[in-house]
Amino acid sequence: MCSLQALCSGLPLRPLPENRGRRAGVPHAPVRTPGLSPREEQLALKNALRYFPPDVQEVLAPEFAQELRLYGHIYMYRFCPDLEMRAYPVEQYPCRTRAAAAIMLMIMNNLDPAVAQVTARFWLTMSYLAQMTEEQTLAMYSGHPLGLFPSSPEAPRLVITNGMVIPNYSSRTDYEKLFAVGVTMYGQMTAGSYCYIGPQGIVHGTVLTVLNAGRRYLGLQDLAGKVFVTSGLGGMSGAQAKAAVIVGCIGVIAEVDGAALMKRHRQGWLMEVTDSLDHCIGRLREARKRKEVLSLGYHGNVVDLWERLVHELDTTGELLVDLGSDQTSCHNPFNGGYYPVQLSFAEAQSLMASDPTAFKGLVQESLRRHVSAINRLARERFFFWDYGNAFLLEAQRAGADVGKPGANRTEFRYPSYVQHIMGDIFSQGFGPFRWVCTSGDPQDLEVTDRLATSALEEIVAAGVTPAVKLQYVDNIRWIREAAKHQLVVGSQARILYSDQKGRVAIALAFNQAIARGELKAPVVLSRDHHDVSGTDSPFRETSNIYDGSAFCADMAVQNFVGDAIRGATWVALHNGGGVGWGEVINGGFGLVLDGTEDAERKARRVLSWDVANGVARRCWSGSPTAYEVICQTMREDSGMVVTLPHAVADERVLQALRL
């Protein structure tokens, strides 16, 4: 069994660790078919072997070549550490700086099998972090640790870039080849900046989305007896079952992968499971009548479920669903992100590898059927939204009927959840703020929950607008009930939606608690990349920006740089994540609070910029809500001067330009 000390000592080369191959019982990416030429295969092998001295390359070359042939990528399975992957208490990491130890904790939390779904690069990264001083910065190029370079105590200790490909070479086909030869990686979102905390984040986001969908579409605060139908029970989408129970509705979630479905059932997030459509519909009817709180997992394809709901409507006149969405990984529809209804799970995996062209055709046919069923239900009092997974975008590309007359490029027949539900919340400055207690002690998390609740209650007591108060009240309730819902997986972490004022207040309360010994160890602050300022994504986070700039990435890039120069402990910038490769630029940060005055100063600067950047951008693009928020912020902060838009006062000004 490996130890943390050994893990931080560099690559194990003499002797080489045993090659145990691809481990059974662990989720793996689908087999890829990048279509490399013989020359490109040689390049992939050469790129992998350059991590190792010549005397071991003869042993490694054949197994690396086999991995490339079998899986479409060289994963270096021999170097998966024989160590339990989890977030160890921060003091156990053999480091020269607290910041490096905190980064190690966050990386290992990302790799916890309970949190996320490792290679020679991991060993090197841990070794560099163990050596790092307060005057060095580690540069990470798409998972490759380039090295430690001189910097300063004020600089980030780590700078991460993932998937930063020249735009003209950022197609999916280009990605498959670049990933196969080992020179780039999919950016992902929060996991790519080492800040993923398991499904808790998406549970909270889904809770807020469904709550606010009920308010907007159904005019209801209480969703008892209302039915929410969706799909996906994997790493992120698995949160939907838990969220349905928390909001008090009936959630019916389809999943083709039996292992993923049963994992959520054993976890307690799915109350019931069935592979029978007849039973599913019968149980749904019963729960509606009794207004039960229920999360029901259907082991099957969601298209079959939607088409059965249409059949029930057409034959009985009964509409059995009120709200609907989709959380398949549709941003990657042809590599395991979306399974066509015509095939079983196993058949789809086989065809995906053996005949990608035929598989793509079936996926697109399935998407057309999927949309057709939703369109029929939507003629009644049923409301559907795109959950930011590129479902409507891929359906459009497949030829499905998702068009909207007079729409711009980011609009479809159905809105994205940002356009209708969460967008105005972002304009208010609210987004998914999170923290990790590096002690690993649940008591520390309890203390932070109490401190965060008090900080938000004090802000409400001091006076806020009704719209802002509603957001604070939702999140205060979330924090108070969080322990009851048992959402901690991996590290002792928490998430809530907060604005700039709330985030700063919470950070200062934590830092002071560390200084007086009430918290046993530093706290890492971060956020989801899916936030006010962190992501430029025209079909998700910025889909409600209509001035033509939704396809521009200045906000995310400025956020990355701005956080770095204001004191973030680490920063990250990615291509890919959420809606797919080439469709989004997103970034994030980590900030270590250690109880010092320096940490307080950095927290004020980083958290203020990290929110205000996005609110100011939304203000400039025409959001009345963001305009009000940024004006109030400028009144409270004399150091902020923002360019405010002027409305076109008279239609005749525009008439003069019309031919």
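Here, residue 1 is the first one in the sequence, and each next residue gets the next number.
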Task: Evaluation steps, salt bridge (Lys or Arg N to Asp or Glu O under 4.0 Å), between Asp547 and Arg617 - done: CA-CA 11 Å; Asp547 67 350; Arg617 189 267 179 93; 5.6 Å; no
Open item on the list: Please determine whether side-chain hydrogen bond (donor to acceptor under 3.5 Å, both in side chains) holds for the pair Ser416 and Ser543, giving the CA-CA distance in whole Å, both sets of side-chain angles, and the decisive distance to 0.1 Å.
Closed with: CA-CA 7 Å; Ser416 80; Ser543 61; 2.8 Å; yes
TODO: Assess whether salt bridge (Lys or Arg N to Asp or Glu O under 4.0 Å) is satisfied between Glu597 and Arg601, documenting all intermediate values.
DONE: CA-CA 6 Å; Glu597 291 183 4; Arg601 184 173 63 254; 5.9 Å; no
TODO: Report the C-alpha distance between Phe391 and Phe384 in whole Å, list the side-chain angles of each, state the deciding distance to 0.1 Å, and finish with yes or no for side chain to side chain contact (heavy atoms under 4.5 Å, CB included).
DONE: CA-CA 12 Å; Phe391 172 73; Phe384 182 89; 3.7 Å; yes
Task: side-chain hydrogen bond (donor to acceptor under 3.5 Å, both in side chains) evaluation trace for Ser427 with Ser623 - done: CA-CA 7 Å; Ser427 293; Ser623 165; 3.2 Å; yes
Task: salt bridge (Lys or Arg N to Asp or Glu O under 4.0 Å) between Arg605 and Glu154, intermediate numbers included - done: CA-CA 12 Å; Arg605 293 189 310 220; Glu154 285 291 307; 3.3 Å; yes
Open item on the list: Assess the residue pair His530 and Glu541 against the criterion (side-chain hydrogen bond (donor to acceptor under 3.5 Å, both in side chains)); give the C-alpha distance rounded to whole Å, side-chain angles, the decisive distance to 0.1 Å, and a yes or no.
Closed with: CA-CA 7 Å; His530 168 64; Glu541 283 81 358; 2.7 Å; yes
- [ ] Could you please spell out the steps behind the side-chain hydrogen bond (donor to acceptor under 3.5 Å, both in side chains) verdict for Trp269 and Ser295?
- [x] CA-CA 8 Å; Trp269 288 22; Ser295 57; over 6 Å; no
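If you take CD1 on Ile246 and CD on Glu481, they are separated by 8.0 Å, rounding to the nearest 0.5 Å. To the nearest 0.5 Å, the span separating CZ on Arg98 from CD1 on Ile103 amounts to 13.5 Å. Taken from CD in Gln419 to CZ in Phe412, the straight-line distance is 8.5 Å, to the nearest 0.5 Å. For the atom pair NZ of Lys242 and CG of Leu233, the computed distance is 13.5 Å after rounding to the nearest 0.5 Å. Remark: Thr206 OG1 to Gln240 CD distance equals 6.0 Å, nearest 0.5 Å. Atom OH of Tyr194 and atom CE of Met106 lie 11.5 Å apart (nearest 0.5 Å).
Residues Val584 and Ser537 come closest through the heavy atom pair CG2-CB, 3.6 Å. Looking at every heavy atom in both residues, Glu135 comes nearest to Pro153 through CG-CD, 4.0 Å. Closest of all the heavy-atom pairs between Thr410 and Ala550 is CG2-CB, 4.4 Å. Counting all heavy atoms, side chain and backbone alike, Leu591 lies closest to Thr569 at CA-OG1, 3.5 Å.
His529 and Phe560 have their aromatic ring centers separated by at least 6.0 angstrom.
For Tyr627, the OH atom sits in a loose shell: 12 or fewer heavy atoms of surrounding residues, nucleotides or ligands are nearer than 6.0 Å. Heavy-atom neighbours of Gln443 CD from other residues, nucleotides or ligands within 6.0 Å: at or below the threshold of 12. Heavy-atom contacts from other residues, nucleotides or ligands closer than 6.0 Å to CD of Gln558 number 12 or fewer.
A 4.5 Å side-chain heavy-atom check between Leu607 and Phe433 finds at least one atom pair inside the cut-off. Residues Phe383 and Arg216 have side chains not in contact (no heavy-atom distance under 4.5 Å, counting atoms from C-beta outward). Side-chain contact check for Phe430 versus Val532: every heavy-atom pair is 4.5 Å or farther apart. Between Thr97 and Gln136, the closest side-chain pair of non-hydrogen atoms is not below 4.5 Å. Between Leu644 and Ile630 there is a side-chain heavy-atom pair separated by less than 4.5 Å. Arg618 is listed as a side-chain neighbour of Met555, based on a closest heavy-atom distance under 4.5 Å.
Of the possible donor and acceptor atoms, one in the side chain of Asn389 sits under 3.5 Å from a partner among the backbone N and O of Thr328. Under a 3.5 Å cut-off, the side chain of Asn109 and the backbone N or O of Arg86 do not form any donor-acceptor pair. A donor-acceptor pair is defined here as one N or O able to donate and one able to accept, closer than 3.5 Å; such a pair exists between the side chain of Asn586 and the backbone of Gly576. Not one N or O on the side chain of Asp499 forms a donor-acceptor pair closer than 3.5 Å with the backbone of Gly429. Thr137 contributes no side-chain N or O that, together with a main-chain N or O of Leu158, makes up a donor-acceptor pair within less than 3.5 Å. At distances below 3.5 Å, at least one donor-acceptor pair connects side-chain atoms of Trp478 with backbone N or O atoms of Ile495. Put simply, the side chain of His331 never gets that close to the backbone of Gly580: no donor and acceptor are under 3.5 Å apart. Without hydrogens or angle criteria, Asn511 side chain to Gly595 main chain gives a donor-acceptor distance under 3.5 Å. Asn475 places a side-chain N or O within 3.5 Å of a backbone atom of Tyr497 that can act as its donor or acceptor partner. The backbone N or O of Val557 lies less than 3.5 Å from no partner atom in the side chain of Asp554, so there is not a single donor-acceptor pair.
One finds a salt bridge joining Asp531 and Arg503 here, because a Lys/Arg side-chain nitrogen approaches an Asp/Glu carboxylate oxygen to under 4.0 Å. Ionic pairing of Glu134 and Arg96 is not present here: no N-O contact between side-chain nitrogen and carboxylate oxygen is shorter than 4.0 angstrom. Taking the charged nitrogens against the carboxylate oxygens, Asp563 and Arg566 have no contact shorter than 4.0 Å, which rules out a salt bridge. Ion pairing between a basic and an acidic side chain is recognised when a charged N comes within 4.0 Å of a carboxylate O; Arg450 and Glu446 show no such pairing. Classification of Lys501 and Glu458 as a salt-bridged pair fails, no side-chain N sitting under 4.0 Å from a carboxylate O.
Figure legend: Arg157 and Trp570 shown without cation-pi pairing, the cationic atom not lying both under 6.0 angstrom from the six-membered ring centre and within 45 degrees of its axis. A cation-pi arrangement, defined by a distance under 6.0 Å to the six-membered ring centre and an angle within 45 degrees of its axis, is present between Arg409 and Phe551. For the pair Arg215 and Tyr217, the cation-pi criterion (under 6.0 Å, within 45° of the ring axis) is not fulfilled.
Side-chain atoms of Ser533 and Asp610 include no donor-acceptor pair closer than 3.5 Å. A side-chain donor from one of Ser439 and Asp444 sits under 3.5 Å from a side-chain acceptor of the other. Using modelled atom types, one finds no donor on one side chain facing an acceptor on the other under 3.5 Å when comparing Gln632 with Glu628. Side-chain polar atoms of Thr542 and Asp536 form no donor-acceptor pair below 3.5 angstrom.
Applying the side-chain hydrogen bond (donor to acceptor under 3.5 Å, both in side chains) test to Gln188 and every residue at least two apart in sequence or in another chain returns nothing. Residues satisfying the side chain to side chain contact (heavy atoms under 4.5 Å, CB included) criterion with Thr209, sequence neighbours excluded, are Trp385, Tyr387, Tyr417, Ile421, Met422.
A side-chain hydrogen bond (donor to acceptor under 3.5 Å, both in side chains) with Gln200 holds for exactly one of Gln486, Arg434, His485, Arg494; it is Arg494.
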